[in-house]
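First the structure, in the form of structure tokens, and then the observations on it.
Letters A, B, ... are given to chains in the order of the sequence lines, protein chains preceding strands, and every chain is numbered from 1. These numbers were taken from a predicted model, which means no experiment stands behind them. Atoms considered below: every heavy atom in the structure, side chains included; atoms not considered: hydrogens, waters and symmetry mates.
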There are 2 protein chains.
Amino acid sequence: MERPELPLPQLHAFVVLAEELHFGHAAARLGIAQPPLSQQIRRLEDKVGHALFSREPGRVMLTPTGLELLPAARRALTDLADGLAAARAVGSGRAGHLRIGFAASLALTVLPGLLFNFRQRFPGVHLDIREMTTAPQIAALHDKTIDIGLLREPPADEAELGLRTVLSEPFVAVLPATHPLAAQRTVKLAQLADSPFVLLPRAVGPQLHDQITGLCTAAGFTPQIAQHAVEWQTVCALVETGLGVSLAPASIRRIRLKGVAFRRIEPSTARTRVAVAWRRDDQSPLVTHLLATLGQDPPDRP
Amino acid sequence: MERPELPLPQLHAFVVLAEELHFGHAAARLGIAQPPLSQQIRRLEDKVGHALFSREPGRVMLTPTGLELLPAARRALTDLADGLAAARAVGSGRAGHLRIGFAASLALTVLPGLLFNFRQRFPGVHLDIREMTTAPQIAALHDKTIDIGLLREPPADEAELGLRTVLSEPFVAVLPATHPLAAQRTVKLAQLADSPFVLLPRAVGPQLHDQITGLCTAAGFTPQIAQHAVEWQTVCALVETGLGVSLAPASIRRIRLKGVAFRRIEPSTARTRVAVAWRRDDQSPLVTHLLATLGQDPPDRP
DNA sequence: TGGCCTGATATCTCTAGGCGTATGGAGCGC
DNA sequence: GCGCTCCATACGCCTAGAGATATCAGGCCA
């Protein structure tokens with residue numbers, strides 16, 4: 001790649017003149033007087049080393065040399081205009097792509113609304129969504145593998161990461177509608193001690209899993225896990241069949257199955273936090289935009 | 001098409017820095033000191049409105065914005081470099097295309113050598129060859145439908161055209177080897193009065209045709225045309241079969257058939273002229289080159 | 001802590017070039 | 001011949017920008 005020798009204003013003048021084939025009109029289109037245009041063309045011809053236009057009295061025409069240069073000049077100008085526009089779009093956050101990690105348990109709560117709102121505001125932005133648990137999200141943020149994390153039970157000691165709580169929700173008991181406790185408005189945790197549990201496998205969400213089993217332990221019993229299911233829908237479905245009960249973040253109420261009842265638990269102090277995480281030093285306006293979207297459209301609180 | 005805002009030197013600096021990702025090295029490759037490079041990049045970033053590089057201590061990296069701009073910048077630069085080279089090639093006559101009209105009777109004489117030599121010297125030039133008789137060539141030169149004409153019996157009164165004689169050749173009698181006159185070294189035109197003639201149709205080359213029949217008339221007889229043939233090879237082949245005799249420009253000797261004899265005619269004053277014609281005001285270097293080629297490689301004189 | 005590397009800043013110079021007005025000069029039509 | 005159109009030429013002005021040198025500031029390593 002060598003140093004370019006053709007100033008863009010001259011190329012611009014050249015292209016316009018090639019379209020108008022009239023110095024006066026071309027100068028008018030360029031918004032300048034005619035003599036400067038003559039100079040521009042002259043300078044360009046000097047640089048190329050050959051005439052680009054034949055000025056026969058009465059008509060201006062492109063020479064073969066000019067005809068050869070024209071498409072290149074035109075492409076260069078449009079490339080630059082388009083490239084500049086695209087770069088500005090990316091720079092201002094109207095385009096680009098954003099990689100978001102999210103906890104599986106959010107797929108039915110904050111995530112859909114967030115994606116919907118964000119896409120409506122920034123339709124040019126490609127969103128790359130991947131399901132990850134908390135620890136891998138933290139690692140991926142440091143790796144710059146993702147730009148945004150949506151996770152449960154955020155760690156407290158991450159100096160390089162920004163963290164903001166998106167949702168803090170209590171737990172609910174998930175019961176078959178036929179279960180005796182379903183008759184009560186609230187359920188004491190200890191009352192679940194004898195029921196078999198249906199839970200997500202610990203590997204899917206260790207923080208949440210540990211918090212749930214921790215709640216049971218605090219209530220004085222160890223949950224008897226009868227069955228694992230990787231998705232909350234499945235958990236509810238299994239509860240509906242009477243296989244057992246479960247404990248889940250309150251947003252699970254979104255899953256409406258007629259054979260399943262959700263009941264507040266007591267004590268109700270235990271809550272699970274959902275946070276958004278990002279790199280503090282991330283300059284991308286897309287991150288800012290996403291955080292703003294998250295702030296302006298607070299997810300429904302169940 | 002709007003006025004471009006990105007000076008090419010800055011784009012060049014940008015591309016080089018994007019490749020080197022190191023201000024010092026990039027500046028060295030550009031042949032400038034490092035501070036000016038920093039300035040170039042800064043100016044470009046000001047114009048774009050966003051950072052193009054992230055300068056973390058220790059490493060320079062492209063931002064997404066810069067990554068978006070890079071391909072456009074690269075394409076614009078190479079387009080211009082290539083376009084400029086192509087335009088210069090056309091301007092200097094190393095490329096382009098040249099439209100040549102030629103008389104059919106030259107297809108076996110001046111034309112092959114001319115094309116061969118010209119193509120060897122200017123392999124980048126596309127030659128557009130079309131067979132035309134004299135009058136259409138003159139018209140096509142005025143129309144700018146062709147750039148070069150190779151014609152017989154050029155007109156004298158063409159002020160706008162340049163004309164140069166390429167070849168001036170006598171006529172020869174074309175005889176079957178068994179013909180009594182073939183025993184002589186030279187043939188008097190009148191001796192052909194009783195033989196049937198094989199000639200090109202007048203439409204193929206009126207000037208030449210008229211000149212041949214004119215020769216006969218001058219010698220006191222009207223040729224009995226027994227057969228027409230559109231190509232000289234065919235004429236010779238028909239003569240070989242004994243169908244008749246012919247009169248032809250001497251360069252026809254190139255066609256070697258064992259049953260055909262070529263004999264000088266007397267009086268030998270009659271000659272046919274082949275000329276090259278071009279527009280005097282034609283600026284194209286290709287025309288000059290072709291004329292030079294024609295001058296430097298004189299066609300074989302039979 | 002003191003070099004060293006790397007990039008940013010400050011300041012200066014110089015010129016290419018972009019634009020204007022005024023003018024010249026060739027064709028062309030009346 | 002006169003005026004009109006259209007392009008070129010001739011200055012003159014002025015800014016952008018490309019380049020240099022000198023210096024500063026932050027990380028890194030010994």
Quiz item: Roughly how many Å is it from CZ in A/F14 to P in C/dG18, rounded to a whole number?
Solution: 15 Å

Exercise. Would you give the length of the straight line joining atom CD1 of B/I148 to atom CG of B/D282, rounded to the nearest 0.5 angstrom?
Key: 7.5 Å

Quiz item: Rounding to a whole Å, what distance do you find between A/L30:CG and C/dC19:C1'?
Solution: 12 Å

Quiz item: In terms of side-chain heavy atoms of A/A33, which of C/dT21, D/dA18, C/dC19 is nearest?
Solution: C/dT21

Heteroatom pairs (N/O) under 3.5 angstrom, protein to nucleotides 28-30 of chain C:
none

Anything under 3.5 Å between a protein N or O and an N or O of nucleotides 7-13 of chain C, put it in a table, one pair a line.
unit_1 : atom_1 : unit_2 : atom_2 : d
C/dG7  : OP2    : B/F23  : N      : 3.2
C/dG7  : OP2    : B/G24  : N      : 3.4
C/dA8  : OP1    : B/R55  : NE     : 2.6
C/dA8  : OP1    : B/R55  : NH2    : 3.4
C/dA8  : OP2    : B/S38  : OG     : 2.7
C/dA8  : N7     : B/Q34  : NE2    : 3.0
C/dT11 : O4     : B/Q39  : NE2    : 3.2

Practice problem: Take the protein atom CG of A/L17 and the nucleotide atom P of D/dC6, then report the distance between them rounded to whole Å. | Solution: 14 Å

Quiz item: In whole Å, what is the span from the CD1 atom of B/I41 to the P atom of C/dT6?
Solution: 17 Å

Quiz prompt | Any B/E131 side-chain heavy atom under 4.5 Å of B/F102 side chain | solution = yes

Quiz item: Separation of B/D46 atom CG from D/dA16 atom P, in whole Å?
Solution: 13 Å

Quiz item: Would you call B/H50 and B/T63 a side-chain contact if the rule is heavy atoms closer than 4.5 Å?
Solution: no

Quiz item: Can you find a pair of side-chain heavy atoms, one from A/V166 and one from A/L106, that are under 4.5 Å apart?
Solution: no

Quiz prompt | Nucleotide C/dG20, atom P - distance to CD of A/Q40 in whole Å | solution = 10 Å

Practice problem: Verify side chain to side chain contact (heavy atoms under 4.5 Å, CB included) between A/V90 and B/L69, making sure each step is shown before the conclusion. | Solution: CA-CA 10 Å; A/V90 169; B/L69 186 61; over 6 Å; no

Quiz item: Between A/H12 (NE2) and C/dC19 (P), how many Å, whole number?
Solution: 11 Å

Quiz item: When the distance from CG of A/L8 to P of C/dG17 is rounded to whole Å, what number comes out?
Solution: 12 Å

Quiz item: Can you find a side chain N or O atom of A/K47 that sits less than 4.0 Å from OP1 or OP2 on C/dA16?
Solution: no

Self-check item: Pair A/H142, A/E158: side-chain N/O donor-acceptor within cut-off below 3.5 Å
Solution: yes

Practice problem: Check whether any side-chain heavy atom of A/R55 lies under 4.5 Å from a side-chain heavy atom of A/I41, and answer yes or no. | Solution: yes

Self-check item: Test item: A/Q40 and A/Q10 side chains (from C-beta on) under 4.5 Å apart, heavy atoms
Solution: yes

Practice problem: Would you name the heavy atoms of B/L151 and B/A103 that are closest together and state the gap between them? | Solution: CA-CB, 4.4 Å

